[in-house]
> 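Before I ask anything, here is the structure I am working with.
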Number of protein chains: 2
Amino acid sequence: MKCLIIAAGKGSRLKQKGDCKPLIHLLGVPLIERVIRSAIEAGADDFYAVSGYQGGRVRAFLDDLSACLRIQITHIINKDWEKENGLSVLKAREHLHEPFLLIMADHLFDPAIARKLMSFSLDDGEIALAVDEDTQNPFINMEDVTRVKTNGKKIYNIGKSLSDFNGFDTGIFFCSPAIFSALDQSAEKQNNTSLSGGGRILANKSRFKAVKINGLFWIDVDDPTSFHRAENALLSNLSKHTDGFVSKYLNRPISLRISRHLFLKTDISPNFISLFSFLLSLLGAFFFFLGGYASLVIGGILAQVSSVIDGCDGEVARLKYKSTDFGGWFDAVLDRYADGFLLFALTYYVCVSNDSFVLAFFVGFLALIGTFMNSYTADKYDGLMKQKLGYEKFYFRMGRDTRMFIIFLGAMVNQPLFTLALIALITNMENIRRVFVLYKNG
Amino acid sequence: MKCLIIAAGKGSRLKQKGDCKPLIHLLGVPLIERVIRSAIEAGADDFYAVSGYQGGRVRAFLDDLSACLRIQITHIINKDWEKENGLSVLKAREHLHEPFLLIMADHLFDPAIARKLMSFSLDDGEIALAVDEDTQNPFINMEDVTRVKTNGKKIYNIGKSLSDFNGFDTGIFFCSPAIFSALDQSAEKQNNTSLSGGGRILANKSRFKAVKINGLFWIDVDDPTSFHRAENALLSNLSKHTDGFVSKYLNRPISLRISRHLFLKTDISPNFISLFSFLLSLLGAFFFFLGGYASLVIGGILAQVSSVIDGCDGEVARLKYKSTDFGGWFDAVLDRYADGFLLFALTYYVCVSNDSFVLAFFVGFLALIGTFMNSYTADKYDGLMKQKLGYEKFYFRMGRDTRMFIIFLGAMVNQPLFTLALIALITNMENIRRVFVLYKNG
C-alpha cells in the first residue's frame, strides 16, 4: 500500500520545540517517525514524502529512517510550502495512480484508524476521510480543528468555519487519484488550493466518504498544548493491565516522570536501564549485609528506588520502538537475581542480628523460594487469565512491585524478620492458589 | 474420514497375555485403543469396528472409549470370525460407500503412515496398501509377514508364501468400495476369503497400489516376541532430546523400567507420581536437616531416587495418553520446590557443621539462585535452540538430572560445601552463558 505523507509546512506555533516541525522530538522520537511507524503498522510499505520548509534536513532524516526500517521512501519537493497544503498533495500526482493513504507528518494516530480507513472499499473517483464524531474528545483543539458535516457515509461539507457540523477531520485520508483533479478544479474555479477545497469539490459530487473512527486515538500536534497532550496520551498508554496496586498508584506515576524527563531525553538503551536498576538492588543488598538499622533503611530505600526504575526500561523501549524479546527476558532475569540478592541479604541481616537463627534461616528461605516461584508461575497464570478474561481485564496479581514495597516498608519500621515472614506467607499462598486455579481450569 | 477396524480374531499365540487380543494391555493400554488413537491422530473420525471372538467384551470396551474420546464407533458383528479376515471386511459393506481407512486391531502404527496413505489419490475401483520395503526392519517377523511384489506404485502380487517379493504388507489399507466386489470374486472363483485374496484380484486388474512408508514405525503384535518388541519401541520413543547426560545414561534407563514394571501396571496418575517424587525430595531434605554423615548419605540417595522417579510421570502420561498442559507445569513447579528444599537443607547442614558460616551461607545462596535461574532461563534457551537447530538436534544443556546427581555424589563422599560450590559455579556460569547466547541471537 502506498502512503503519501505531507511534511512541507513550517509549524511556527511549535517553534519553541524546534525549528523543523516534522523532526521535533516528542518523547524522544521525531513526529514524522511516529507517523510513519503507525502507517507501517497499519499496512503501508511504500512511502512518498513531500518536504518543503527545511526540506534538506527532513530528507536526510527520512533517508536514514528508510535504511533503518527497510522501507522505500521517495522524496517529493514542494517549493511552494508556504502556500496551502493541497499544493503538496498535487506534487505527488505523477507517483500515485492507485488508491493511497494520505497522512500529515504532525498528526499522530492509532494504526487502527488507518487500517479501518484502508479497508473501506473506495469506488472510482472517490476519496474517504477518517472522521471523529466525538465532540468531547479531549485531544481535539476545538478552535483550530477542521469540521465536517456528514450524513451516514457521505460528507456534505468540510471547513474550519462550518457552523453546521457533526464531526472532525482527523487529517487521515484514503484517496483514489481523483483527489488530484479535484484539487485542480478547486484551484481554478474557487482559487482555493487547500485540501479541504478539493474535498468540497468531491463532496458536491457525492464522492467524499466518511469513515467513523470514534474512540480511537489521534491528535494534531500543532501547538505547545497539543504537544503536551500528545505526550500525556502516549505515556498513559504505557501502564500495563498486569500492573499491580503498588505499581499502578506509586511506581508507575513516578517511573513515567523519570522516563519523560530523564531517560527519553538521552540515548540510554532500555537494557542499560535494566542493568542500572539491577545494580541499585545489588547496592541495597550490600547495605543489608552491613547490618544495623541505618543500613537497613538505606537498603530498603534503594530496593524501592530500584523497583521504580525497573518500570522505566519497558517504558523507554516501547516509546522509542526499541522493544525486543531479549530485552524483556533480560529484564526478567535480572529482576530474579535482584530479588534473590535482596532477600538473601535480608535473611543474613536477620540471622546475625537475631537470637533464633534457625527460624530466621527457615523464614528467609521460604521467602526466597516463594518469590522465585511467584515469578516462575506467573507466565502460565497470566496466560490462563488472558485466555479466560481477555487482555484488558483486571485480575488479582501479587507481583514484584508489592514484594519490593513490603521490603521497603519493613526496613523503614525495622521489622526485617516480620517482613520475610510476610513475603514467605503471601508468595507461597499465592503459588498454591495458582496451582489450584490452573488445576481447575487446566 | 471413515475407518474400518478389524477386531474379530482370537490371536491365540498371545493367549498368555490375555484371552481377548484387541483388549490385551500393552504398556497399560489395550491394543485396539492404541490403534484407534493413531487413526484419530491421522485424521479418521468415524469408526466401524468388526468384532467376533469375545465380541461382547470388545463392544463394551469400544462403547466406553467412544464416550471418552467423543468419537462415533459403529459395531459390526462377524460370527464367522474363525474364518479368514476378508469376511470381516465384507460385513462392513453396507456402511462404506466412499474411500475408507482399513486397519487391524493388532497392528500398531505411526499415524504418519495413515496420513501418507490417505493423501494418496485413489482412482475409482482402486485400493492402496502401505508397503514397507525395509528388509532390515527389526519389527517385522519375517516368518509370518505377508509379502508383496511391487513395481513403482503398482502391486503385482501379495501373499505369505511369495518367493519373489520386495516389500511387506503393513496391514494398513486405503480402500474404495471396490474391495468388496474383489473379495466376492476371490471367494467365488478361488474359494479364498482372505484380504490378500481380494488384493490379488485387484492386482490382476492393476487396481492395487503401493504407498511406500519406509522408515516409519509399525508392528504386527502377534506373539510374545513381537509384543515385547512393541513395548521396547514405545518405551525407547520416550527419551527426550532435551535429556542430559545423566538422564540419558542413568536415570532414563532406570525410570523406563520402573514405569514399565510398576506404574504402567497400575492406575496411578502421572500427577500422583510427580507428587510422590516431590515427597521423596522433601524426605531427602529432612535427612540433610538432621545432620551427620549417615543422614547426608540417606538424603543424597533419596534425592537421586527422586530424580529418577521424576522421569516416570512424563513416561506414564505419554504412554497412557494422559499428557496435559497442567501436568507438565505442575511437575515443573514441584521440581523447583524440591530443588529449593534440598539445596536449602544442604546449606543448613553445612552452616551448622562448618566453621565458616558466612561462606557456607553465601555459597548455598548462590547454588539456590543459580539453580532456580537455570530453570527460569531454560524455556527461552530451549526455544532458541529448537528454532535454530530443529527439534531433533542435540545441544548442550545442564539440567536437573546433573544437579541432583552432583548432590548425590557430593553426599556420598561427604563434601557438602564443595557440592554447593560446584552447583553454584556451574549453574550461574550456565545462566550467564545463556544470556550471552540469547543476546547474540536475539
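Note: hydrogens, waters and symmetry copies are ignored here, and every other heavy atom, side chains too, is used. Note that the structure is predicted; figures quoted are calculated from it, not measured. In what follows, every chain begins at residue 1, and chains take the letters A, B, ... in the order their sequences are listed.
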> Using non-hydrogen atoms and a 4.5 Å limit, figure out which bit of F362(B) sits close to chain A: side chain, backbone, both or neither.
both
> Do F357(A) and F357(B) come within less than 4.5 Å of each other through their side chains, counting heavy atoms only?
yes
> Any non-hydrogen side-chain atom of R434(A) less than 4.5 Å from a side-chain atom of V333(B)?
no
> Heavy-atom count check: over 12 atoms from other residues, nucleotides or ligands less than 6.0 Å from F272(B) CZ?
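No, CZ of F272(B) has 12 or fewer neighbouring heavy atoms, counting only those of other groups under 6.0 Å.
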> Step by step, work out the side-chain contact (heavy atoms from CB on, under 4.5 Å) result for Y439(A) and T324(B).
CA-CA 10 Å; Y439(A) 178 70; T324(B) 61; over 6 Å; no
> Which answer fits F330(B), side chain, backbone, both or neither, if we ask what part of it has an atom under 4.5 Å from a heavy atom of chain A?
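Looking at F330(B), just its side chain touches chain A.
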> Answer with side chain, backbone, both or neither: which region of L343(B) has an atom nearer than 4.5 Å to a non-hydrogen atom of chain A?
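For L343(B), no heavy atom lies under 4.5 Å from chain A.
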> Would you call the rings of F361(A) and Y348(B) parallel, tilted or perpendicular, taking 30° and 60° as the class edges?
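Aromatic pair F361(A)/Y348(B) classed tilted.
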> Specify the closest pair of heavy atoms between R336(A) and I369(B), including all atoms of both residues, with the distance to one decimal.
O-CD1, 4.1 Å
> Could you tell me which portion of D339(B) (side chain, backbone, both or neither) has an atom closer than 4.5 angstrom to a non-hydrogen atom of chain A?
neither
> Can you confirm whether more than 12 heavy atoms, excluding those of Y321(B), are under 6.0 Å from its OH atom?
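Correct, the count exceeds 12.
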> Identify which of N271(A), V358(A), L366(A) forms the greatest number of heavy-atom pairs closer than 4.5 Å to chain B.
V358(A)
> So which atom in V435(B) and which in F326(A) form the shortest heavy-atom distance, rounded to 0.1 Å?
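So the two residues come closest at O-CE1, 3.5 Å.
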> Could you check whether any side-chain heavy atom of W329(A) comes within less than 4.5 Å of a side-chain heavy atom of T377(B), counting everything from C-beta outward?
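Of all side-chain heavy-atom pairs linking T377(B) with W329(A), at least one is under 4.5 Å.
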> Please report the C-alpha distance between F365(B) and L368(A) in whole Å, then the side-chain angles of each, then the deciding distance to 0.1 Å, and finally whether the side-chain contact (heavy atoms from CB on, under 4.5 Å) criterion is met.
CA-CA 10 Å; F365(B) 162 72; L368(A) 196 61; 4.0 Å; yes
> Say you draw a straight line from CG of L438(A) to CG of D325(B); how long is it, rounded to the nearest 0.5 Å?
9.5 Å
> Please step through ring pair (Phe, Tyr, Trp, His ring centres under 6.0 Å) for the pair Y376(B) and F372(A), ending with a clear verdict.
CA-CA 9 Å; Y376(B) 192 80; F372(A) 272 121; 8.0 Å; no
> Would you say F286(B) has more than 12 foreign heavy atoms packed within less than 6.0 Å of its CZ?
no
